[in-house]
Amino acid sequence: MTKFREAAFVAIEDVRLQSSLEGATGRFRSARETALAELPDSDEMRDHFKRLRAATLAQLALHLETFAANAVKAGAQVHWAGNAQEASQIVLEIAQAHGVELAAKSKSMATEEIHLNEVLAEAGITPVETDLGEWIIQLAGEPPSHIIAPAIHKTKEQVADLFSQESGKPLSATDIPQLTEEARRMLRQKFLTAGLGISGGNIMVAETGSIVLVTNEGNGRMVTSVPPVHVAVIGIEKIVPDWNGAAVWLSLLARSATGQPMSIYTSVITGPARADDPDGPAEVHIVLLDNGRSQLVNTEYEEALQCIRCGACLNICPVYREAGGHAYGSPYSGPIGAVVSPLLFGLENYPALPQASTLCGACLDVCPARIDLPRMLLALRAEEVKQNLLPWHERKAEETAAAVLARKRVMGLSTKTLRVLQRPFVRENSLRVPERMNPGNGRKLPALAKKSFHQLWKDGEV
Amino acid sequence: MSETKTVALFTTCMVDQIMPEVGVATVHLLRRLGYEVAFPEAQTCCGQPFYNSGFQKETANLARRTIEILEPYEAVVLPGGSCTTMIRLEYAHLLADEPDWLRRANELAAKTFELSQFLAREGVELSGDATPSASSGQAATGQPITYHDSCHMCRMLGLKEEPREALTAVGYTITEMAESDRCCGFGGLFSIRMPEVSNAMTADKLRQAEATGAHTIVTADPGCLMQMRGLAEGVEVKHLAVALEEVTR
């Protein structure tokens with residue numbers, strides 16, 4: 001049994017998880033629909049955004065160079081990281097150069113991807129997540145299970161338990177304001193004492209060398225303005241040539257993600273604090289993370305780089321909604337995770353993910369960049385066949401079935417034989433086999449009809 | 001109709017082997033509407049199961065074979081949206097590098113239709129008696145039904161209105177379920193590779209369908225039909241062709 005299947009099974013049996021997932025994804029879905037309907041023509045805007053993303057990626061290197069030059073001009077320091085290890089090493093060295101003991105983080109999928117927290121902790125530096133959801137799962141010692149709502153799998157009771165433990169006083173799940181008040185109090189201390197602020201970045205705007213950071217809790221602003229040094233780790237694909245493009249991006253991002261017209265905080269960071277700025281970091285570092293991305297340029301998977309990590313495809317995905325995010329075994333879950341995890345971290349490491357879809361196409365329906373995820377899942381499946389990654393018996397079964405179906409006579413003979421063999425097991429048009437032999441796992445399997453349509457036609461019974 | 005038009009039936013392998021009554025209903029319905037129905041007997045499978053598993057070479061074989069068998073006909077009708085999608089949209093992707101086959105794939109695609117798509121395109125006047133007072137002898141036909149949109153049919157072929165219009169025309173009352181276009185959990189081999197997830201999806205689908213109070217779920221795809229029947233208890237799952245045929249006798 002694949003790891004995905006095993007983990008999904010655990011998730012399906014977990015009643016609390018199922019109700020959290022269904023509730024949260026349902027709220028996201030309806031909010032998204034309402035928010036998109038407020039736009040004069042959201043379909044046209046998505047078409048436009050698709051063209052913008054494709055055109056930008058077609059000249060990715062050029063835009064990155066422009067961004068880097070303008071960021072440096074604004075006083076930021078730009079670092080290029082080829083892979084996860086290089087990226088976390090760069091951040092670690094910055095932290096060590098400033099004698100940092102505590103690093104305050106705002107939510108960032110890129111730092112999840114490079115396992116930054118583990119690297120820092122190993123070097124004796126304490127990373128503290130300050131996004132509420134991220135903090136909850138950090139306290140629980142778990143990875144995120146949703147791109148924008150990392151603790152979507154947790155109930156308020158579980159959160160109350162975690163916060164009670166951390167604060168040392170009993171907190172009730174029924175008093176949400178008290179829970180957030182307590183989190184605010186505990187996190188405020190972290191912001192004030194952290195030597196380093198670490199963030200991700202939603203958009204890099206090439207024309208001004210700016211980073212746009214979108215959050216809902218204000219923690220992102222604290223992380224990027226209170227500590228003396230700020231490091232942002234950003235995937236190289238999150239780039240737009242100019243502010244006109246950034247405006248379209250922002251119009252679609254929060255609407256697709258949480259269904260807000262805009263997130264509560266949209267921060268623009270262009271270099272460190274100026275001499276006359278009342279606050280802000282003395283140093284700003286931008287780590288441009290490749291980690292497999294540039295390899296996708298000019299391939300049939302380039303489209304995957306158009307993703308802006310809104311999570312809309314997770315919320316609509318009927319597989320994600322049952323299996324939850326942890327089953328994917330990657331920071332990126334859901335349909336986009338099933339595509340980018342094998343592409344960035346190795347198909348051989350994630351062989352089950354391209355199969356974890358019915359190819360229903362709901363993800364394509366809601367994607368703000370109209371990324372054709374089903375097509376890429378199909379391409380990855382074909383790649384698995386090519387690389388011989390399927391179990392031997394599955395491969396043989398498929399090849400044999402295809403060969404049989406390619407010859408009408410052989411098909412006729414085989415199905416006739418099966419009709420004889422199934423006889424002892426047929427009850428009311430279903431095949432009743434012992435449950436441990438049922439590949440449908442409790443689902444009734446259909447029996448072959450007494451006569452095929454071919455036979456009925458031949459016998460003049462149609 | 002002034003002259004009789006001949007349409008070829010592509011039953012789909014699932015209907016052929018598992019639910020031939022759907023093929024029979026399709027033929028009867030088409031005949032009743034004045035069409036001559038041909039059944040090219042060499043047909044087997046459109047290749048979709050293999051396509052969806054990544055076996056492109058094997059699929060291309062089946063695609064070329066299916067094109068050869070179906071291309072002599074004026075029009076091809078299928079009682080299934082998913083296989084129609086395969087022929088209408090995917091054959092061209094699959095055979096993109098073979099110019100002659102690509103041309104033939106495109107020609108076939110243009111004259112291949114899912115049943116309700118064909119009826120809508122032809123503009124046939126359907127009438128039937130699925131009203132509660134009907135004395136058709138079909139116990140369930142007077143009850144409101146709910147319609148499940150199969151994924152490829154509604155998203156890739158854009159057929160949402162056509163099956164509903166056909167059902168309404170023959171007298172059914174459709175009570176819409178929440179998320180009628182949410183996947184039933186089938187997904188071909190997915191239903192066997194990941195049966196736990198698949199069944200959980202089906203259970204949710206059935207729960208949403210049953211919440212309408214309808215006793216019958218109608219769908220146009222044999223795959224969805226088989227999947228939902230595998231877990232349905234208090235509700236009947238019926239193919240569109242059968243639902244249309246039994247009230248237009």
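Within every chain, numbering begins at 1; the chains are lettered A, B, ... in the order of the sequence lines, protein sequences first and strands thereafter.
Using a 4.0 Å cut-off between charged side-chain N and carboxylate O, B:Glu90 and A:Arg375 make a salt bridge. Of the charged side-chain nitrogens involved, at least one lies within less than 4.0 Å of a carboxylate oxygen, so that B:Arg207 and B:Asp204 count as a salt-bridged pair. Taking 4.0 Å as the cut-off between side-chain N and carboxylate O, B:Arg88 and B:Glu114 do not count as a salt-bridged pair. Contact check on B:Glu21 versus B:Lys238 returns no salt bridge, with no Lys/Arg side-chain nitrogen under 4.0 Å from an Asp/Glu carboxylate oxygen. Under 4.0 Å is where a charged nitrogen must lie from a carboxylate oxygen, and between B:Arg249 and B:Glu245 at least one such pair does. Residues B:Lys205 and A:Glu322 are not paired through a salt bridge, judged by the lack of any N-O separation under 4.0 Å between the basic side chain and the carboxylate.
Looking at B:Val24, both its backbone and its side chain come within 4.5 Å of chain A, counting heavy atoms on both sides. When heavy atoms are compared at a cutoff of 4.5 Å, B:Asn61 does not approach chain A at all. Heavy-atom distances place both the backbone and the side chain of B:Glu41 under 4.5 Å from chain A. In this structure, the portions of A:Ala362 lying under 4.5 Å from any heavy atom of chain B include both its backbone and its side chain. Of the atoms belonging to A:Leu448, heavy atoms from both backbone and side chain fall under 4.5 Å from chain B. Residue A:Ala11 does not touch chain B at all, counting heavy-atom pairs closer than 4.5 Å. For A:Leu364, no part lies near chain B; criterion is any non-hydrogen pair under 4.5 Å. Contact of A:Lys451 with chain B is made through the backbone alone, with heavy-atom distances under 4.5 Å. At a 4.5 Å heavy-atom cutoff, the contact between B:Ala200 and chain A is made by backbone and side-chain atoms alike. Proximity to chain A is limited to the side chain of B:Glu179, based on heavy atoms less than 4.5 angstrom apart. Contacts of A:Glu22 with chain B are made by side-chain atoms alone, with heavy-atom separations under 4.5 Å and no backbone atom involved. Heavy atoms of A:Ser357 lying under 4.5 Å from chain B belong exclusively to its backbone. Residue contact with chain B, scored on non-hydrogen atoms closer than 4.5 Å, involves the backbone and the side chain of A:Ala356 alike. Contacts of A:Leu405 with chain B are made by both backbone and side-chain atoms, with heavy-atom separations under 4.5 Å. In this structure, chain A has heavy atoms under 4.5 Å from both the backbone and the side chain of B:Ile192. Only the side chain of A:Arg321 comes within less than 4.5 Å of a heavy atom of chain B; its backbone N, CA, C and O stay farther away. Contact of B:Thr11 with chain A is made through the side chain alone, with heavy-atom distances under 4.5 Å. Interface residue B:Arg229: only backbone heavy atoms are found under 4.5 Å from chain A.
The residue among A:Arg381, A:Arg409, A:Arg443 with the most heavy atom pairs within less than 4.5 Å of chain B is A:Arg443. Between chain B and the residues A:Glu384, A:Lys408, A:Glu398, A:Lys386, the most heavy-atom pairs under 4.5 angstrom are made by A:Glu398. In terms of heavy-atom pairs under 4.5 Å with chain A, the best-connected choice from B:Pro49, B:Cys45, B:Ser53 is B:Ser53. Between chain B and the residues A:Leu456, A:Ile316, A:Val462, A:Leu380, the largest count of heavy-atom pairs under 4.5 Å involves A:Val462. Contact count against chain B (heavy-atom pairs under 4.5 Å) is highest for A:Ala401 among A:Ser430, A:Ala401, A:Gly442. For the set B:Val37, B:Asn52, B:Val27, B:Leu189, the entry with the most heavy-atom pairs within less than 4.5 Å of chain A is B:Asn52. Ranking B:Gly23, B:Ala232, B:Cys13, B:Ser82 against chain A, the residue ahead of the rest is B:Gly23, based on heavy-atom pairs under 4.5 Å. Between chain B and the residues A:Thr415, A:Thr2, A:Leu445, the largest count of heavy-atom pairs under 4.5 Å involves A:Thr415. Listed options A:Arg29, A:Lys450, A:Gln18, A:Glu461 were ranked by heavy-atom pairs under 4.5 angstrom with chain B; first place goes to A:Arg29. Residue with the most contacts toward chain A among B:His28, B:Gln43, B:Lys57, B:Met19: B:Gln43 (heavy-atom pairs, distance under 4.5 Å).
Geometric assessment of B:Arg104 against the ring of B:Trp101 yields a positive cation-pi assignment under the 6.0 Å and 45° thresholds.
Using bins of under 30°, 30° to 60° and over 60° for the plane-to-plane angle, the ring pair B:Phe39/A:Phe453 lands in the perpendicular bin.
Within the 4.5 Å cutoff, the side chain of B:Phe10 has heavy atoms near those of the B:Cys46 side chain. B:Tyr35 places a side-chain heavy atom less than 4.5 Å from the side chain of B:Phe118.
Rounded to the nearest 0.5 angstrom, A:Glu303 CD and A:Leu373 CG are separated by 7.5 Å. Within the model, atoms SG of B:Cys184 and CE of B:Met226 stand 9.0 Å from one another, a figure rounded to the nearest 0.5 Å.
Counting only distance, with no hydrogens or angles, the side chain of B:Arg182 and the backbone of B:Gln208 share no donor-acceptor pair below 3.5 Å.
Under the 6.0 Å cut-off for aromatic ring centres, B:Tyr51 and B:His93 do not qualify, their centroids lying 6.0 Å or more apart.
For the residue pair B:Arg65/B:Thr44, the side-chain donor-acceptor check at 3.5 Å is satisfied.
Just one of A:Asn349, A:Ile336, A:Leu353, A:Leu347 meets the side chain to side chain contact (heavy atoms under 4.5 Å, CB included) condition when paired with A:Ser341; it is A:Leu353.
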